[in-house]
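Just below is one structure, and these are the notes that go with it.
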Amino acid sequence: MAYNFTAIEKKWQQYWLENKTFAALDPADAGGMSKAFILDMFPYPSGSGLHVGHPEGYTATDIISRHLRMKGVNVLHPMGWDAFGLPAEQYAIKTNTHPRQSTERNIENFRRQIQMLGLSYDWDREVDTTDPEYYRWTQWIFLQLFNSYFDPIDQKAKPIKHLLQELMNQNLVVAPDGSVVLNPTQEGMESIAGEMRIERLWRELPPDEQRDVLDAQRLAYMDEVPVNWCPGLGTVLSNEEVIDGKSEVGGFAVERRPMRQWMLRITAYADRLLADLDALQWPESLKEMQRNWIGKSVGAEVDFEIDGPDDHAVTVFTTRPDTLYGATYMVLAPEHPLVEQITTPPQREAVESYRKTVASRSDRERMADGKQKTGVFTGAHAINPVNDEKIPVYIADYVLMGYGTGAIMAVPAHDERDFEFAKANNLPIRPVVKPADGSTPPADRAFVGEGIAINSDLINDLPTQQAKEKIIAILDGESAAHRSVQYKLRDWLFSRQRYWGEPFPILLDTEGRAVAIDESELPLRLPEMADFKPTGTPEPPLSKALDWLTVKRDGRTYTRETNTMPQWAGSCWYYLRYIDPHNKDRLVDREKERYWMPVDLYVGGVEHAVLHLLYARFWHKVLFDLGHVSSNEPFARLVNQGLILGQTEYHIFQTADGSPVSASEVRDIGEENTGSGIQLIALHKTSGEKLIGHRLEEDEIEKSSDGYVLRGNPAIRVDARSFKMSKSRGNVVNPDHIVRDYGADCFRLYEMYMGPLEAQKPWNTRDIVGMARFLNSVWRNLVGDEESADAPSPAGAAVRISDGPTPDALDRQMHRTIKKVGEDITTLRFNTAIAELIKLNNEMGKLDDMPRELAENFTLLLAPFAPHIAEEIWQRLGHHKSLARRPWPTFNESKLAESTLQLPVQVNGKLRDKITVPADADQQTILAAASESEKVKPWLTGKTIRKQLYVPGKLVNFVVG
RNA sequence: GCCGAGGUGGCGAAAUUGGCAGACGCGCCGGUCUUAGGAGCCGGUGGAGAAAUCCGUAGGGGUUCAAGUCCCCUCCUCGGCACCA
């Protein structure tokens with residue numbers, strides 16, 4: 001009979017909650033215990049509830065946490081809700097409820113679902129990003145950003161007051177473009193006689209300009225920038241939230257338009273965000289994604305004079321200054337400000353019309369064109385500083401205003417894009433680098449590799465690296481070039497035109513300049529609004545909260561900032577709040593922060609690689625610079641759990657007239673959303689005809705030598721694959737149903753047994769029964785065959801426990817299992833740990849009565865994986881308290897090995913027999929026994945034994961010839 | 001195109017430093033118990049072959065007494081980036 005998991009699981013979940021079994025100790029109470037901060041990426045509580053992907057990571061960290069507690073570690077394992085933001089708000093609008101109501105309801109549901117899994121969270125530390133007591137600190141951190149600037153010399157954030165001081169005491173001055181620079185006269189670089197000082201001293205600036213200069217230096221600043229406006233969502237999005245020109249949430253179209261928005265100066269941290277990745281224990285692929293996103297390129301900026309009476313010059317950025325002699329033309333981004341001034345009258349019309357065309361095209365259209373390079377001649381010529389050659393200046397949309405200087409020198413011989421443009425416009429292609437190995441590069445494309453400089457006068461015969469150095473040095477001497485580093489990373493667009501987010505703690509004066517509200521006024525609460533829907537224009541919904549909007553202060557009138565913060569704000573620092581969730585005075589107590597940080601293990605999905613994880617690292621570094629936290633990086637070790645896919649599906653492809661096409665004749669398989677659902681589509685490999693996929697049942701297919709084929713028609717290969725779970729595909733598995741049918745312990749075991757945590761793997765409900773059988777067998781072996789756990793049996797009464805010794809072989813297996821399970825938990829290999837427990841249980845089932853030591857150790861080993869049944873058995877073994885902090889079993893080194901060895905015997909590397917020898921037999925004995933084996937002998941007779949190998953404990957191999 | 005990860009039975013997957021390929025689970029086959037089994041228990045299960053034996057870790061080559069594991073080439077799948085100069 002199956003054990004009653006429903007009753008047992010409810011009983012222990014209640015026990016854990018009531019007894020606060022998993023409360024983490026504050027450092028003052030922890031004594032000499034070591035600590036572990038085990039963190040899950042907290043979910044946003046969507047309306048559709050938990051999904052089987054969530055519990056995968058949660059169960060993994062739960063096993064780790066339970067194991068560590070049993071090892072005497074003080075474990076901080078919290079859970080909370082990332083409840084602001086678009087998904088929650090979209091759901092609220094769709095269901096026509098106030099986001100607060102739907103958020104509360106969704107949180108209730110998520111909490112219920114998470115608690116039904118028996119996860120060992122310290123629920124007294126639950127955080128909710130939409131709680132004013134939480135977001136007051138999100139706003140507080142924003143004020144820190146607003147009141148700080150980045151000091152480029154020390155490479156760190158400092159209070160803006162410090163900058164003001166440096167300006168007032170004239171260490172710093174204001175450059176003509178409004179930027180702040182070192183005072184040249186303070187640097188010992190007295191200005192040359194007769195040359196006018198172009199920088200201005202702070203006191204020379206009018207008050208309004210002083211404010212503008214200071215505001216432009218803040219880590220949180222307002223700027224008019226081209227943003228990703230998403231009409232479908234009624235808000236702007238950050239670069240990180242736009243995938244292939246569409247919004248990550250909802251997949252709506254995104255257009256570029258200039259808007260005045262809050263920006264966070266993450267670019268100042270680009271170098272540190274990049275450099276500090278190296279020391280982190282994160283998956284290499286994820287670090288690589290962050291590196292790519294930051295996109296550091298080292299090169300040079302080179303000035304090209306424009307030929308003509310005016311004094312124009314264009315600065316280009318290049319990573320290959322060694323190819324300067326190969327520059328045969330120049331390209332400016334169509335939006336480049338100099339285009340206007342250098343275009344010659346005859347070309348004006350063509351240039352204007354091209355600029356218009358470009359402006360009207362979306363990024364998506366530009367991308368769709370792929371390699372088709374377009375552009376027009378401006379009529380102007382630039383002078384190459386290395387050889388005074390005049391080269392034509394073009395504008396083309398393959399050069400982006402947002403990267404580098406918005407202008408390039410084009411070297412078609414050594415750059416693919418320049419090559420294509422040159423081909424299309426009949427421009428000269430001049431090779432200036434030859435391959436170092438003497439080979440001839442193909443003529444039909446650019447040679448982009450490094451090599452040896454040729455046709456390059458001053459740098460001829462130099463290898464690429466040296467050529468770069470030398471040419472920069474020469475041009476630097478003439479003030480025509482300097483070393484330069486560029487990043488792909490852009491500043492973080494931080495405004496959203498939505499209701500459900502943190503309000504900015506900012507007032508705007510009549511000129512639109514920002515004034516921070518005082519810390520004592522935090523939290524600035526979201527106004528209650530009946531109509532919180534987007535306005536459909538860039539005007540945020542908060543602009544409709546008229547009695548909230550206007551503030552009078554010191555006789556002046558201010559307007560509140562009506563944008564709200566993006567979803568990522570609350571999740572940038574939530575891990576810190578768990579440490580000290582109820583602190584009214586600080587975001588986190590200093591001593592507690594020092595004790596718990598950094599996070600020892602952080603588990604979550606890879607989808608946050610360049611969003612949450614980059615943003616959170618940035619905020620953490622700012623807080624670190626300003627002295628609010630003690631660690632430079634928040635997450636020491638990070639693991640991505642693999643996606644759980646839906647059950648494997650089989651499809652047959654058909655042409656429009658219904659005839660089947662073998663999957664081997666098909667290319668470009670993709671998905672298409674027809675109104676009625678998602679359909680698999682593909683193209684015919686040879687004809688290019690569009691094919692439609694049709695779902696097949698398992699009894700319609702059969703396995704052939706290579707892959708699945710249509711039953712009865714083996715010529716037709718069938719496509720077999722697993723898809724991401726999604727509502728529109730209808731392959732979502734609801735954890736509620738699995739827990740109802742099999743119990744939480746079984747569900748947890750199945751999720752961990754599917755495969756390695758980090759691998760992507762298909763769900764298969766049919767496989768769950770294996771774990772159910774295992775748990776039932778454990779129950780039978782340790783408790784007995786009674787009907788159920790309903791009747792409160794006296795502790796110990798039903799258990800078939802003996803005080804006799806464990807049989808030797810089983811005792812040894814137990815010690816090996818203790819070792820293996822402990823190691824596997826530490827290395828996150830839960831699947832093999834469970835396999836080991838199953839093996840031990842299978843052996844235990846053969847016993848007539850159960851030795852107590854074995855029973856207890858097994859129960860403790862099982863506990864992190866299946867905690868409810870383990871607690872119940874533990875109690876029935878006669879214990880009165882939870883096993884949550886019982887010592888983890890230890891193994892005895894001397895018990896790990898068997899007393900006899902079974903050794904394979906090979907002849908010329910092929911297995912011929914296995915012999916059994918005492919574990920302590922010496923080499924001579926073993927080789928003798930091996931050569932005596934009846935199965936081995938025939939392979940040796942008549943041959944000379946050239947070599948006898950014995951790998952201790954592993955195998956014997958005779959090499960004969 | 002570039003970067004990263006991967007390819008092992010019918011399926012999910014195991015396999016320290018190169019050392020018995022396929023642990024463990026599902027499924028399947030046979031047996032047993034049963035009024036019954038979608039429960040339990042016992043046994044079998046990579047392929048071919050009556051057997052001896054041979055063949056097997058995407059494909060091809062190499063190193064080695066010995067290769068899933070190391071080296072070279074090719075193919076395929078998944079993920080990320082994608083005019084970033």
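To find a chain, count down the sequence lines: A is the first, B the second, and so on, and within it residues start at 1.
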What is the distance, rounded to the nearest whole Å, between atom [atom1] of [X] and atom [atom2] of [N]?
| X | N | atom1 | atom2 | result |
| --- | --- | --- | --- | --- |
| Asn908(A) | U64(B) | CG | P | 15 Å |
| His608(A) | G80(B) | NE2 | P | 14 Å |
| Phe830(A) | A14(B) | CZ | P | 13 Å |
| Ile768(A) | G27(B) | CD1 | P | 12 Å |
| Asn957(A) | C65(B) | CG | P | 10 Å |
| Leu775(A) | A39(B) | CG | P | 16 Å |
| Met401(A) | C83(B) | CE | P | 17 Å |
| Ile644(A) | G12(B) | CD1 | C1' | 12 Å |

Interatomic distance at [atom1], [N] relative to [M], whole Å:
| N | M | atom1 | answer |
| --- | --- | --- | --- |
| A13(B) | C20(B) | P | 23 Å |
| G7(B) | A82(B) | C1' | 26 Å |
| G46(B) | C24(B) | P | 12 Å |
| A15(B) | G68(B) | P | 16 Å |
| A39(B) | G30(B) | P | 15 Å |
| G27(B) | C73(B) | C1' | 38 Å |
| U8(B) | G22(B) | C1' | 8 Å |
| C41(B) | G25(B) | P | 11 Å |

If you only use heavy atoms from C-beta on, which nucleotide in [options] is closest to the side chain of [X]?
| X | options | value |
| --- | --- | --- |
| Tyr403(A) | C20(B), A85(B), A13(B) | A85(B) |
| Lys954(A) | A85(B), U17(B), G12(B) | U17(B) |
| Lys839(A) | C20(B), A23(B), C81(B) | A23(B) |
| Asp397(A) | C55(B), C83(B), C20(B) | C83(B) |
| Leu911(A) | A15(B), C20(B), A85(B) | C20(B) |
| Thr832(A) | A85(B), A14(B), G19(B) | A14(B) |
| Val959(A) | A85(B), C65(B), C83(B) | C65(B) |
| Arg780(A) | G40(B), G80(B), G12(B) | G40(B) |
| Ser297(A) | A85(B), A23(B), C65(B) | A85(B) |
| Lys761(A) | G12(B), C55(B), C26(B) | G12(B) |

Could you tell me which nucleotide pairs with [N] by Watson-Crick or G-U wobble geometry, both distances under 3.5 Å, or answer none if nothing does?
| N | value |
| --- | --- |
| G37(B) | none |
| A48(B) | U53(B) |
| U64(B) | none |
| U16(B) | none |
| A5(B) | U77(B) |
| G10(B) | C26(B) |

Requested in this report: Examine Lys373(A) relative to Phe421(A) and say whether NZ or CZ is less than 6.0 Å from the centre of the six-membered ring and inside a 45° cone about the ring axis.
Outcome: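 No cation-pi geometry.
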For [N] and [X] - does any side-chain N or O of the residue sit under 4.0 Å from the phosphate oxygens OP1/OP2?
| X | N | answer |
| --- | --- | --- |
| Asn831(A) | A14(B) | yes |
| Arg912(A) | C54(B) | yes |
| Tyr753(A) | G25(B) | no |
| Asn292(A) | G4(B) | no |
| Arg829(A) | A13(B) | no |

Query raised in the report: Quick one: are Val936(A) and Ser931(A) in side-chain contact, heavy atoms under 4.5 Å?
Result: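 Counting from C-beta outward, Val936(A) and Ser931(A) never come under 4.5 Å.
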Under 4.0 Å between any heavy atoms, over every strand shown, what does [X] touch: base, sugar-phosphate, or nothing? Just pick one.
| X | answer |
| --- | --- |
| Lys910(A) | sugar-phosphate |
| Pro283(A) | nothing |
| Val316(A) | nothing |
| Arg490(A) | nothing |
| Gln760(A) | sugar-phosphate |
| Ile838(A) | sugar-phosphate |
| Arg721(A) | sugar-phosphate |

Query - Flag, side chain of Glu823(A) to backbone of Lys820(A), donor-acceptor distance under 3.5 Å - result: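 Between the backbone of Lys820(A) and the side chain of Glu823(A) there is no qualifying donor-acceptor contact (under 3.5 Å).
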Query raised in the report: Nearest nucleotide by nearest heavy atom, which residue falls closer to the 5' end of RNA chain B, Met754(A) or Trp293(A)?
Result: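 That would be Met754(A).
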Requested in this report: Assign each of Arg773(A) and Gly402(A) to its nearest nucleotide of RNA chain B by heavy atoms, then name whichever residue's nucleotide is nearer the 5' end.
Outcome: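 Its nearest nucleotide being more 5', the pick is Arg773(A).
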Requested in this report: Step through the shown structure and confirm whether more than 12 heavy atoms of other residues, nucleotides or ligands are within 6.0 Å of NZ on Lys724(A).
Outcome: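 Incorrect, the count does not exceed 12.
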Is it the case that the side chains of [Y] and [X] hold a donor-acceptor pair, with the cut-off being a distance below 3.5 Å and no angle test?
| X | Y | value |
| --- | --- | --- |
| Thr374(A) | Tyr354(A) | yes |
| Tyr742(A) | Thr765(A) | no |
| Tyr329(A) | Asn425(A) | no |
| Trp293(A) | Glu240(A) | yes |

Report task. Tell me whether the centres of the aromatic rings in Phe830(A) and Tyr753(A) are closer together than 6.0 Å. Result ->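 No, too far apart.
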Query - Phe774(A)/Trp779(A) aromatic ring centres below 6.0 Å - result: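 No: the rings miss the under 6.0 Å criterion.
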Report task. Examine the base of C65(B) for any acceptor or donor lying under 3.5 Å from a partner atom in the side chain of Lys947(A), and report the outcome as yes or no. Result ->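 No such pair is found, so the answer is no.
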Query raised in the report: Base of G9(B) relative to its sugar, syn (within 90° of 0) or anti?
Result: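 Judged by the O4'-C1' to base torsion, G9(B) sits in syn, the angle falling within 90° of 0.
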